[in-house]
Amino acid sequence: GTPLVVEDLVKTYRDGTRAVDGVSFSAEAGQVIGLLGPNGAGKTTTMRMMVGLIRPDSGGIWVAGEAVHAGADVLGSVGALIEGPGFLPHLTGLQNLQAYWQATGRPAAEARLEQALEIAGLGSAVHRRVRGYSQGMRQRLGIAQAMLGLPELLLLDEPTNGLDPPQIKAMRTVLTDYAATGRTVVVSSHLLAEVEQTCSHVVVMHNGRVVLSGAIDELTVTP
Ligand code: ADP
Ligand code: ADP
């Protein structure tokens with residue numbers, strides 16, 4: 001099936017805020033989709049529904065043809081970094097990834113773990129306790145964790161938060177390389193430049209709706 005189909009999603013929070021108001025889009029293998037929009041546009045809410053963290057009022061999400069519902073075990077097919085993962089502060093970065101993966105009952109192949117850690121670019125800091133990590137280091141460890149299972153769909157909510165320009169550049173390569181293996185990446189951002197430089201496709205959100213979507217080169221206006 002298609003790697004990702006999002007169809008007419010609607011989500012109203014308990015306090016009456018309609019955060020997502022009829023969002024539809026789909027993604028093919030090899031695409032890096034940028035979910036672009038200002039704060040409050042509904043990007044995080046959309047991503048939470050895509051991993052089954054919260055339930056939509058209506059609409060549906062399918063990953064590789066399988067419906068995602070709240071509480072679904074999507075760990076094998078979807079890897080996500082949403083709102084910063086909770087790490088165990090007294091364990092090292094490496095131990096945190098090992099613990100996370102063991103807890104899922106899918107022990108990571110050593111090679112995969114090393115690959116993920118290389119992507120994180122933490123160097124020898126992987127042997128230091130997470131307690132002492134900067135926000136950027138935690139962010140990168142979280143991205144490594146999301147990629148650990150080589151998920152068909154990788155979802156990253158504002159992954160460049162806390163990263164400096166060289167790290168953002170490195171992340172660009174990581175994401176495009178990942179998609180080039182025939183998988184799909186969806187990454188949210190409030191920065192047009194970031195999406196333009198990293199993504200093959202864009203879905204622009206505003207007030208819970210998709211206002212524009214398509215391939216980046218088709219949307220770029222040339223003077
Ligand atoms: P974005 O990720 O694009 O910044 P969000 O999905 O976080 O957008 O938020 C969309 C809207 O929903 C905003 O108006 C936000 O304040 C509101 N919102 C987000 N989370 C909650 C919540 N738990 N309860 C009520 N409103 C929320
Ligand atoms: P984001 O970075 O996605 O915009 P926020 O900083 O708006 O996230 O929200 C952080 C947390 O606060 C989230 O758990 C979100 O669900 C919650 N939240 C955001 N807006 C509201 C709101 N209007 N009412 C209640 N909770 C909210």
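This one's a predicted model, so the numbers in the text were calculated from it and none came from an experiment.
Considering all non-hydrogen atoms of both residues, Val32 and Ala179 come closest at CG2-CB, 3.5 Å. Contact record, Asp57 with Thr12: OD2-N, 2.7 Å, taken as the closest heavy-atom pair. The shortest heavy-atom contact between Asp217 and Ser200 is OD1-O, 4.4 Å. The minimum heavy-atom distance between Pro151 and Ser77, with the atom names listed, is CB-O, 3.6 Å. Here the closest non-hydrogen pair linking Cys199 and Val187 is SG-CG1, 3.7 Å. Shortest non-hydrogen contact noted between Gly182 and Ala29 is O-CB, 3.3 Å.
Contact of the Leu153 side chain with the Val186 side chain is registered, since non-hydrogen atoms from C-beta on lie closer than 4.5 Å. Side-chain atoms of Met205 and Thr46, non-hydrogen and from C-beta on, do get closer than 4.5 Å to each other. Side-chain contact between Arg55 and Met49: absent, with no pair of heavy atoms (C-beta onward) separated by less than 4.5 Å. Looking only at side-chain heavy atoms (C-beta outward), Leu36 and Val203 stay at 4.5 Å or farther from each other. Inter-residue side-chain proximity for Leu117 and Leu94 is flagged as met; some heavy-atom pair is nearer than 4.5 Å. Side-chain contact between Pro38 and His206: present, with at least one pair of heavy atoms (C-beta onward) separated by less than 4.5 Å. Taking 4.5 Å as the limit, some side-chain heavy atom of Leu154 sits within range of a side-chain heavy atom of Met147. In this structure, Leu81 and Asp157 have side chains that are not in contact, with every pair of non-hydrogen atoms separated by 4.5 Å or more.
Rounding to the nearest 0.5 Å gives a distance of 7.5 Å between NE2 of His190 and NZ of Lys43. With values rounded to the nearest 0.5 angstrom, Arg138 atom CZ is found 9.0 Å from Gln135 atom CD. Separating the CD atom in Gln145 from the CZ atom in Phe87 is a distance of 4.5 Å, to the nearest 0.5 Å. The CD1 atom of Ile61 sits 11.5 Å away from atom CG of Asp8, with the distance rounded to the nearest 0.5 Å.
Of the possible donor and acceptor atoms, one in the side chain of Ser188 sits under 3.5 Å from a partner among the backbone N and O of Glu158. Under a 3.5 Å cut-off, the side chain of Tyr133 and the backbone N or O of Ala125 do form a donor-acceptor pair. Under the 3.5 Å distance criterion, the side-chain polar atoms of Arg183 are left unmatched by any main-chain donor or acceptor of Gly30. When atom types are taken as modelled, the side chain of Arg128 and the backbone of Gly93 share no donor-acceptor pair closer than 3.5 angstrom. Between the side chain of Thr176 and the backbone N or O of Arg172 there is at least one donor-acceptor pair closer than 3.5 Å. Between the side chain of Thr160 and the backbone N or O of Leu163, no donor-acceptor pair lies under 3.5 Å. Between the side chain of Thr181 and the backbone N or O of Tyr178, at least one donor-acceptor pair lies under 3.5 Å. Gln139 places no side-chain N or O within donor-acceptor distance of the main-chain N or O of Gly136, the cut-off being under 3.5 Å. Side-chain atoms of Thr2 never come within 3.5 Å of backbone atoms of Val5 as a donor-acceptor pair (strictly under, hydrogens ignored).
Heavy-atom neighbours of Gln197 CD from other residues, nucleotides or ligands within 6.0 Å: above the threshold of 12.
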Check: Please walk me through it: do Val126 and Thr92 pass side-chain contact (heavy atoms from CB on, under 4.5 Å)?
Finding: CA-CA 6 Å; Val126 298; Thr92 68; over 6 Å; no
Criterion side-chain contact (heavy atoms from CB on, under 4.5 Å) on Leu97 and Leu141, from CA distance to verdict
CA-CA 8 Å; Leu97 292 199; Leu141 188 63; 3.9 Å; yes
Check: Run the side-chain contact (heavy atoms from CB on, under 4.5 Å) check on Tyr13 and Lys11 step by step: do they pass?
Finding: CA-CA 6 Å; Tyr13 283 110; Lys11 177 67 189 180; 4.3 Å; yes
Worksheet entry | Criterion side-chain contact (heavy atoms from CB on, under 4.5 Å) on Leu91 and Val130, from CA distance to verdict | CA-CA 6 Å; Leu91 297 185; Val130 164; over 6 Å; no
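In the hydrophobic clustering of this structure, Trp62 does not group with Leu9; members are Ile, Leu, Val, Met, Phe, Trp, Tyr whose side-chain heavy atoms approach within less than 4.5 Å, directly or through other members. Under a hydrophobic-cluster definition in which Ile, Leu, Val, Met, Phe, Trp and Tyr are linked whenever side-chain heavy atoms come within less than 4.5 Å, directly or via other members, Met137 and Leu88 are assigned to different clusters. Ile216 and Leu191 fall into different hydrophobic clusters, defined by Ile, Leu, Val, Met, Phe, Trp and Tyr side-chain heavy atoms under 4.5 Å apart, directly or through other members. Note: the hydrophobic cluster containing Ile54 does not contain Val10 (ILVMFWY, side chain heavy atoms under 4.5 Å, direct or indirect links).
With 3.5 Å as the limit, one finds a donor-acceptor pair spanning the side chains of Glu194 and Ser189.
Among residues at least two apart or in separate chains, salt bridge (Lys or Arg N to Asp or Glu O under 4.0 Å) pairs with a member in residues 21-40 are Arg18-Asp21, Asp21-Arg209.
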